[in-house]
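What you see is a predicted model, and the numbers here were worked out from it, not measured in a lab.
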Amino acid sequence: MPGPSPGLHRALLGLWAALGLGLFDLSVVAQEPFWADLQPRVALVERGGSLWLNCSTNCPRPERGGLETSLRRNGTQRGLRWLARQLVDIREPETQPVCFFRCARRTLQARGLIRTFQRPDRVELVPLPAWQPVGENFTLSCRVPGAGPRGSLTLTLLRGAQELIRRGFSGEPPRARGAVLTATVLARREDHGANFSCRAELDLRPHGLGLFENSSAPRELRTFALPPEPPRLAAPRLLEVGSEGPVSCAMDGLFPASEAEVYLALGDQRLSPDVTLEGDALMATASATASAEQEGARQLVCNVTLGGESRETQENVTVYSFPEPLLTLSEPNAPEGKMVTVTCAAGARALVTLDGIPAAVPGQPAQLQLNATENDDRRGFFCDATLEVDGETLSKNESAELRVLYAPRLDDSDCPRSWTWPEGPEQTLRCEARGNPEPSVHCARPDGGAVLALGLLGPVTRALAGTYRCTATNVQGQAVKDVTLTVEYAPALDSVGCPERITWLEGTEASLSCVAHGVPPPNVNCVRSGEARVVEGLLRVVREHAGTYRCEATNARGSAAKNVAVTVEYGPSFEEVSCPSHWTWVEGSGRLFSCEVDGKPEPSVECVGSGGTSEGVLLPLAPPDPGPRAPQIPRELAPGTYICNATNQHGSMVKTVTVSAESPPQMDESTCPSHQTWLEGAEAAALACSARGRPSPQVRCSREGAPRPQRLRVSRQDAGIYRCLAANAHGTDARIVTVGVEYRPVVAELAASPPGGVRPGGNFTLTCRAEAWPPAQISWRAPPGALNIGLSSNNSTLSVAGAMGSHGGEYECAATNAHGRHSRRITVRVAGPWLWVAVSGAAGGAALLAAGAGLAFYVQSTACKKGEYNVQEAESSGEAVCLNGAGAGAGGGGGAEGSTEAAGTTEAPAGGEVFAIQLTSA
């Protein structure tokens with residue numbers, strides 16, 4: 001059983017509140033007015049549904065109470081001041097239940113309102129007509145039985161998804177149920193096949209419920225258009241038994257044309273038409289075949305049905321019988337001179353005519369007779385029959401041919417006695433004979449040679465020319481005829497009758513003649529190229545006759561042309577221009593002596609030395625046409641006199657040639673060394689460069705880049721790269737020479753570092769820089785007793801670590817190369833506290849002197865041990881000279897203040913620079 005409705009819960013809550021108030025103060029309650037309440041006061045319930053009603057009061061102690069209604073009850077719940085009851089199967093459109101209580105001798109009442117609704121479960125569209133004519137109205141009717149309340153109902157009629165009409169029923173009484181919607185619609189072509197439907201909507205959303213919708217099943221509408229005019233029927237008015245006649249039935253303005261049905265019949269015979277559609281037009285075609293049983297007048301019917309309506313057309317057709325006429329010959333193949341009878345016959349009602357001569361009456365045959373001759377062969381006879389049917393005259397005819405048998409005839413028109421054909425194109429050789437049966441013709445040479453292929457397409461050749469005997473034969477006899485075949489062809493110039501090359505000898509007589517082959521015989525003319533005059537008769541041959549001639553042969557079948565090269569030969573001859581008497585050979589030029597000799601055929605030339613160094617020597621000659629097999633070019637050629645002899649088959653000629661030899665300039669390492677050295681300060685001179693060549697070349701040298709200034713002595717600025725160019729009449733030769741300038745050494749710098757004070761035990765360095773070429777070797781001389789001296793790898797730096805008083809004194813740096821020596825000195829003074837304790841007395845002095853001598857010897861002997869050597873260049877002797885010994889310098893000089901220079905020159909240092917280094921103690 002369903003639980004209490006929300007109204008029942010609200011009633012119970014109100015009841016408990018009222019009980020609470022009553023217990024709180026009964027006196028106050030008794031004084032308030034009392035009422036009865038019914039919840040829900042207004043309710044909308046689906047037809048057949050159920051509802052809980054709550055009836056309550058605020059009377060503290062009601063005497064009795066209840067709920068009055070005509071609806072069925074299913075359950076009741078009670079309290080002191082409330083009553084809840086369930087109503088079921090509510091079907092009344094509208095009821096008013098009453099809630100009442102008896103309180104203080106008064107009756108308290110509350111009246112409610114219950115209405116029911118029914119969903120549009122059934123939506124019905126009245127069936128549409130099977131076919132609806134286009135342009136006429138039809139009715140759409142929709143029924144929705146029982147649905148309501150009607151005031152909340154809306155009905156819509158639709159064509160597919162398109163709304164046609166929509167209607168609501170607002171304002172209808174609440175108890176009203178069900179609805180009907182009817183509309184009149186004009187049928188259109190577009191409506192054919194359209195679906196119509198009805199949609200019902202019950203809108204209870206204003207009452208807190210939903211929207212209920214339903215639609216009817218769609219119904220398809222079929223529209224049609226059938227014009228009032230009958231179809232157009234076309235058929236033959238007359239139809240012969242056994243023949244077919246075309247029948248057509250057409251109708252326009254049909255819709256839909258594909259739904260139309262066509263019925264075609266000839267009498268009781270139904271035809272099977274082929275129907276074609278084109279838009280709204282229909283065309284039905286069939287073939288009607290009449291039988292003998294249908295002979296006479298018959299009715300042809302065409303019926304078109306669409307949408308349950310029909311249109312019909314009828315036509316009359318006459319069926320008749322008219323057999324073909326019969327034409328017969330008593331002897332279709334008659335020998336010449338035979339009598340022949342010709343007969344023409346037809347049906348009983350037909351009138352026949354034979355070769356224009358009619359029969360006496362209809363139904364009777366027509367005849368004629370003749371004596372067969374050659375002229376009657378293949379003669380045609382014509383039989384015509386006429387028949388009148390339904391006012392119309394019909395005609396049929398028949399023809400036949402007579403064959404007359406006779407012996408062959410060979411006429412000149414069909415087999416001419418003389419044939420002339422051009423060579424080449426394909427021809428059909430014809431020699432035809434008259435005769436019946438048709439004769440066979442055979443043409444062959446009388447001597448049993450070639451046979452002509454008559455009647456076949458084939459090429460015409462010269463071999464076919466000649467006389468042939470043609471024989472025509474059939475069973476009636478034979479005929480014989482001689483024919484002549486002439487084959488014409490265009491001229492031809494071959495190498496036998498007209499050679500491509502002709503040779504004449506200068507001074508003799510000759511003629512230019514060409515013989516051509518052709519039928520008819522050709523005419524030949526020869527013309528020299530570039531000229532118009534025809535060459536004829538004997539000629540006295542000169543060199544000018546040599547050249548190309550154009551010979552052309554012409555006849556009726558065409559022409560042929562050929563170029564003929566005429567060569568005129570003659571003995572050899574020398575020309576100074578092509579074979580000079582004096583020639584100079586240039587060594588390395590790659591040239592050979594060119595001695596071209598005029599002569600035909602080309603003469604052979606040989607030049608042989610005569611006397612002197614050239615005696616018997618063969619002079620190489622340049623070939624007239626250079627090729628891969630050219631003679632080897634000689635490296636040397638003996639000058640002198642040579643005798644050149646030119647010879648061909650028509651004679652020989654001799655010429656004397658004087659040959660001289662010259663050569664272009666040439667320089668190499670022996671005549672112009674690529675590396676040359678000058679000494680600074682020496683007298684300026686030119687480069688030692690010369691060149692070989694004939695005539696003697698001139699040599700000029702210039703420095704690359706900036707030119708060398710003119711000066712009397714050699715300067716370092718003269719060093720650089722020079723280009724020497726040797727030239728004579730046959731060419732030039734260039735050589736690149738590198739010039740180096742050497743100079744004596746100069747010590748350009750001698751410096752001490754640091755320049756300031758140094759504490760005892762400090763370090764100092766002496767640096768010596770020298771300028772010289774080739775590079776100088778550096779050597780040092782140190783004060784006696786100086787220990788622990790280190791030198792750099794090239795001796796340019798002297799260094800002392802942990803300086804002592806013994807390191808004070810004069811140091812000398814010397815620079816030496818092959819051109820001299822130069823030195824500079826520097827003094828290092830050691831100042832500061834004494835580093836040793838003076839020893840008093842003679843013994844102490846003696847010991848001190850002995851120690852000094854021993855120290856000096858130790859420094860000199862250990863200097864070399866510490867690596868203080870003069871390291872010379874690789875090209876020197878390789879000896880290492882000790883720098884601390886007397887006479888140890890490379891130049892052999894002593895340890896004086898000044899410096900000694902080699903080569904007789906001296907350069908003293910400028911006052912001998914002195915540097916003082918103060919060693920101070922901490």
Would you sort out whether R115 and R175 count as a side-chain contact (heavy atoms from CB on, under 4.5 Å), showing the intermediate values? CA-CA 8 Å; R115 289 177 176 165; R175 300 179 66 87; over 6 Å; no
Let me see the working for F117 and F212 under ring-ring contact (aromatic ring centres under 6.0 Å, His included), right down to the final yes or no. CA-CA 11 Å; F117 72 91; F212 302 96; 5.7 Å; yes
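For K396 and E240, the salt-bridge test passes: some basic side-chain N is under 4.0 Å from an acidic carboxylate O. Here E220 does not pair with R222 in a salt bridge; the nearest charged N to carboxylate O distance is not below 4.0 Å.
A side-chain donor from one of R85 and T76 sits under 3.5 Å from a side-chain acceptor of the other. Side chain to side chain, N303 and T305 meet the donor-acceptor criterion of an N or O pair below 3.5 Å. Checking T343 against Q367 by side-chain atom types alone, a donor-acceptor pair falls below 3.5 Å.
No more than 12 heavy atoms of other residues, nucleotides or ligands lie within 6.0 Å of CD in E261, so this atom counts as exposed by the packing criterion. A 6.0 Å sphere centred on CD of Q162 holds more than 12 heavy atoms belonging to other residues, nucleotides or ligands. Counting heavy atoms of neighbouring residues, nucleotides and ligands inside a 6.0 Å radius, atom CZ of R349 does not exceed 12 of them. For R106, the CZ atom is loosely surrounded, since the number of other residues' heavy atoms within 6.0 Å does not exceed 12.
The shortest heavy-atom contact between L125 and S216 is CB-OG, 3.8 Å. Considering all non-hydrogen atoms of both residues, V352 and A366 come closest at CG2-N, 3.9 Å. Residue P365 comes nearest to A345 through the heavy atom pair CB-CB, 4.0 Å, listed as atom of the first residue, atom of the second, then distance. Contact record, T223 with R188: OG1-O, 3.2 Å, taken as the closest heavy-atom pair. Nearest approach of A110 to L38, heavy atoms of both residues: CB-N, 3.7 Å. Across all non-hydrogen atoms, the minimal contact from L239 to E244 is CD1-C, 4.1 Å.
Checked options S248, P273, C249; the residue passing with T285 is S248 (criterion: side-chain contact (heavy atoms from CB on, under 4.5 Å)).
Evaluation of the salt bridge (charged side-chain N to carboxylate O under 4.0 Å, His left out) test over residues 199-216, restricted to residues two or more places apart or in two chains, returns E163-R199, R166-E201, R199-E201, D203-R205.
Every salt bridge (charged side-chain N to carboxylate O under 4.0 Å, His left out) that D252 has, sequence neighbours left out, goes to R232.
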